[in-house]
Amino acid sequence: MKKLATVVAIAIVCSLVFFGCQKKESGPAKAKYHIGVVTGTVSQSEDDLRGAEQLIKEYGSVKDGGMVQHITYPDDFMSQQETVISQIVALADDPKMKAIVVNQAIPGTAEAFKRVKAKRADILCFAGEAHEDPLVIQGSGADLVVSNDFVSRGYTIVWAAKQLGAKTFVHISFPRHMSYETMSRRWAIMQEACKDLGLKSAFETAPDPTSDVGMPGAQQFIMEKTPQWIQKYGKETAFFCTNDGETEPLLRQMLAYGGIFVEADLPSPLMGYPGALGIDLKAEMGDFPAILKKVESAVVAKGGAGRFGTWAFSYGYTLTAGIGQFAKNVIDGKAKKDSLADLFTAMGKYTPGAKWNGAYYTDNSTGVKAKNQVLVFMDTYVMGNPGKFLPTTAQVVPEKYYTLKPSK
Amino acid sequence: MSGKKSLGRFFTENAVVIIFLALTIAAIPPSGLSFQYIIQEMITRLGRNTFLVLALLLPIFAGMGLNFGMTLGAMSGQIGLILAINWNIGGVEGLLFAALVGTPISVLMGYICGAVLNKAKGREMVTGYILAFFINGVYQFVVLYMMGSIFPIKNPAIVLSRGYGIRNTLNLENVRQSLDDLLMLKVGGFLIPVATFLIIGLLCVFVVWFKKTKLGQDMRAVGHDMTVAEAAGVPVDRTRIIAIIISTVLASFGQIIFLQNMGNMATYNAHDQTSFFAVAAILVGGASVKKASIPNVIIGVILLHVLYVVTPRAGQNLFGSAMIGEYFRQFIGYGVIALTLVLYAWKARQGAARAREGLRGGNSATAAAGTAAADTAKGGAK
Amino acid sequence: MDKIKQFVTDFGWPRIIIFLFLLFLFIAAPFVGVRIDASISDVFNRFGQNALFVLAMVPMIQSGCGLNFGLSIGIIAGLIGSTLSVQFGLTGLMGFFGAVALAIPFAVIFGWFYGLLLNKVKGEEMTIAMYVGFAGVMFMCIMWLILPYTNSTMVWGYAGKGLRTTISVEGYYRQVLNDFWAIRIGTDFIFPTGMLLFVVFCAFLMWLFLRTKTGTAMTAVGSNPDFARASGISADRMRTVSVIISTVLGAVGIVVFQQSYGFIQLYTAPLAMPFAAVAAILIGGASVNKATMVNVLVGAFLFQGLLTMTPSVINSALKTDISEVIRIIVSNGIIIYALTRKTKVTK
Amino acid sequence: MKQVIDPKVRTRRLLVRAALIVVFAGLVVLMFNLGKLHTFILDNKNLADGSLTAARGGNLVSIDGREASEIYPGERSMEKVKGQRHTITVTSLSGTDKVVRRISLDLDSEMMLVSLPRLIAGKEPYMEVFVPLNVVTTAEERAGTDNSFTSPEAGGTDPVVIPTP
């Protein structure tokens, strides 16, 4: 055993030193400055990571003398905040670092930004899809936060469901998610919207994937229960699930048993569909219109025409790549960090031809408009033969939803 | 004994530390991080984590293995913090308030944990592990459903707007780094939280003193051999419960120190990995399930955390993918714990073998250690 | 009266309580709008999916290695087998048995190493097994990303390399066992005959095995090591054999699970699976050192029943998400109860 | 193992325990008192009835000897303080006038609105509990269709007109 231990140690040291030396030969860095990009891993949120890969493709990785330093946060980021924070702060250790983009801005990001700003006030901090309370992330020194418009979408998703012929709206979630202010508020808005638009609303509990049953147990539960839910609520039921992992089995069962799916929590053609349908997208890599086309034909082939929706471009992908591009523009002096138009230009680069809507965040108790948080959303695309866009972004969301407070 | 043999022995005894040191040193260059950053990060993390890891010492003395039940203490500390935030109590006073509130809760939790572990002698570690899951359910029930509905929580910043339940992430702005900032020294470009280190120092003194008290001696006797201790009139079950209670209370303080440095708290997950990281640290520091000391704790915290800081970036630069870097870090984390435990268990058997030789030579000290180890070896199998 | 008393002591209070609770849930189900036929069908389904994992606990318990918290090692072997089977494009029953056949060699090799390791750490098996399992899963996370799989249904659609987190086995071996002689009553009740037969068959094999010479030797090593040594049985060898069997069962179990569930789940998915199996066998009344086929079947049924019924019934009844918390408390509470119980065998 | 406990020892033990509990409770209360945070909203506005006007040229306000902040007429500023007794020092920016006031707060007061003109004039009550405004935002202030935009067609890709499969 002693020998074994020594051998293991020597082997590890040798390999590390070997690899380490090898990499050093790659020559001095050429980029004038670096941009740090933090995303989830492929098993946690594929879209965000693909956006970072797109940035690397365009501007090169720091390791090879390029501009982008990409790191990922752990899959169980909630229980490993120490790692999350120190990973983000470690980016500020690079003297050439000029901007940090975190997508999704999981809990811990606000604290990390505070530390980065304390250390190097010149580094621009951008967050995509903040999980923390809006006021917390806004007060962290973040230069700009871009989130999905959970207020408007609370209404527009229900509206879209009605357009697709839904009579009932079912919201699937679990306690931990409902302890997010954003999700809890969105559900309250959805309930109200259902009432106003004449839909029935219902809440279904799913197991928490971070609990002892894990993602397999949670997914299995959805697999089993979806047919029963469809039977219970009828085929004209729209389902909405707050967890991305659970969306996949949900879609799969809905394709077989019926039901309406407007869009995922963080919509993308890559979200759920390729896994649920087993689609090969190798040839379409990076080309979202083509990916959408392929997903659509698969959905239609399964008889899902007119019942399944998504955003035409991946939200997570656009956010990572778009904010990264925006950061670069700001550093280059081509954009101002407080200009919405400049942000939209940067994001638009990755969503040619798509229609967006966005606005600054307004707090529902003080009425104060945040200067550094933007909420955005996109038209819902309904797959079918032919598919069509629902004019979601053109909807005027009734006044009262913005100040609506969830009741018990 | 020849010199060669003792050198070999040194290697075996410190195998874990040596492997770890080698791994860490090898991983620093490819990570591309500056020494300045690594050292500062180390100082911060030492202040943040050491207290929690020290909480593991007493149960090890009492022969109860690694206290995975310390998670219970962490949850108690968090409840204290939630209340401090609720009433807007800030600064060091806020932390002290949280600690005071956390104390009775953690004593109760420690008592429950100790009583349960007494019924599961020989499999304390697994039981503690599951117990943490169980109490986590209770914690969720209390914090997510009772707070705001049964216990009045008035601060709108922490309660969900549906009226009950605490928000997913709490901003600890009021107490953020108040202990660290109490006495922050800047030495050669490094920030040193002196007050935090003083508290850790105090705890170390306490541990050293405690070992010498009657109770401390009893604990070691129980840890050595329960039957012998029982025969000698030591109240075994009671001593074990006290060890766990102290450990739980310390864990609650430790979690408060940890969170004040972190600046925010994941209400439902902050405690999940507490015991895992603490256990990993103490093992990496060369401790075993049966034997641990203060140096083990400090060396362990430093080594484990340097590795954690360095490996993701190193893995990423070596394999050329950010994801692999992250998985690599976790693999190393778990793998090292497994390796340590294996090495320890293997060493214990070696010790037993050596003791048999020693018996012939009349070396009673090693013999006793050997029998104890052999007993443990049997313990789980019965 | 005595008979009832005897039965109660044999069966154990916790099981009776859980059984009654489960019965109550089934009775309450129709009143809160949960379909009972679909629920029963689900419970059978889940029972079949998980029973082999629970069965995998038996050999190691019998040989004195404790609960196999490192079952993930076996599951990983099974995952390798099933991904290879899909990679080679095997379909139908061929796909299923191909996956099993491809998995077993890996399981044997892994199990052998794992057994050697556990032999070095007698007395600390459970804790070490847990961490070995974790480390193995994390290592495979890296492997799934870099192994040169090419089948387009398995690799990430976007990047064209690295395996997906979930892979559909539709068109390969989805439900091949479930649909074998399946009995359908109405629209919702499907009795997965094939899968249950397979499970019973495996349990029967295990039962037989425990009565062979090797099997009894293994039990002897676990229950009476001194006697075993005296009769010339090599404890280490028996323990290794038990670990290998357990690992193989884990590997076969995951393939059975996949064919019923319809997906191969990779990356961190295997992390949580051993706990469910451990919980199930403890609920079934096994102790850390003694387990029977009855424990396996009863435990798998009760645990999975609880898992299926609690969220749906309580959620429908209370209209809140609290059922999830209740489930966590109940299932972990029972495991603790089982762990703290003094068994007749010990002392 | 039953031990016979000397009644004397028992009373002493009981006393020590009771004392410990009292000390514990005392500490909790003390920490609550010392650590309780309050928020001052310093308001330098003319009074509604016009009886007092904000000092022209603004004031320098310092709480408990902290670094002073400038508050110009019509402005509000927020300060967090710990504990219940505070000293507010107001110096007019033009230089000469200096007013020092001692304030003690109730333990349960969270946000206090302090009117600087009243404070300078020494006219009670210069402090009142702050009631958050129930702001109703107007539609144009907020998200509307006005912010919608269509991405430019970058890289020559066709806009998403999904053809029939």
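Residue numbers start from 1 in every chain, and the chains themselves are labelled A, B, ... in the order their sequence lines are given, proteins ahead of strands.
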(message) Measuring from atom CD1 of C/Ile336 to atom CG of B/Leu131, what distance do you get when rounded to the nearest 0.5 angstrom?
(response) 4.0 Å
(request) Of all the heavy-atom pairs spanning C/Met138 and B/Tyr334, show the shortest one and how long it is. (result) CG-CD1, 3.7 Å
(request) Heavy atoms only: give me the nearest B/Tyr145-C/Val325 pair and the separation to one decimal. (result) CE1-CG2, 3.7 Å
(request) Please list, chain by chain and in numerical order, all residues satisfying side chain to side chain donor-acceptor pair (under 3.5 Å) with B/Asn67, sequence neighbours excluded. (result) B/Ser247
(message) Under a 4.5 Å cutoff for heavy-atom pairs, which residue among C/Ile329, C/Ile146, C/Val137 has the most contacts with chain B?
(response) C/Ile329
(message) Just so I understand: if I count every heavy-atom pair under 4.5 Å between each of C/Ala135, C/Cys65, C/Gly333 and chain B, which residue has the most?
(response) C/Ala135
Portion of [X] that has a non-hydrogen atom of chain B nearer than 4.5 angstrom:
X        : answer
C/Asn224 : neither
C/Leu67  : neither
C/Met140 : neither

(request) Evaluate the ring planes of C/Phe275 and B/Phe133, with Trp represented by its six-membered ring, and classify them as parallel (under 30°), tilted (30 to 60°) or perpendicular (over 60°). (result) perpendicular
(message) Please determine whether the number of non-hydrogen atoms from other residues, nucleotides or ligands lying under 6.0 Å from atom CZ of C/Phe21 exceeds 12.
(response) yes
(request) Please examine the side chains of B/Tyr327 and C/Leu145, heavy atoms only from C-beta on, and report whether any two atoms are closer than 4.5 Å. (result) yes
(message) If the condition is side chain to side chain contact (heavy atoms under 4.5 Å, CB included), which residues does C/Pro274 pass it with, not counting sequence neighbours?
(response) C/Leu71, C/Ser72
(message) Quick check for you: among B/Leu66, B/Ile135, B/Thr127, B/Asn136, which has the greatest number of heavy-atom pairs under 4.5 Å with chain C?
(response) B/Thr127
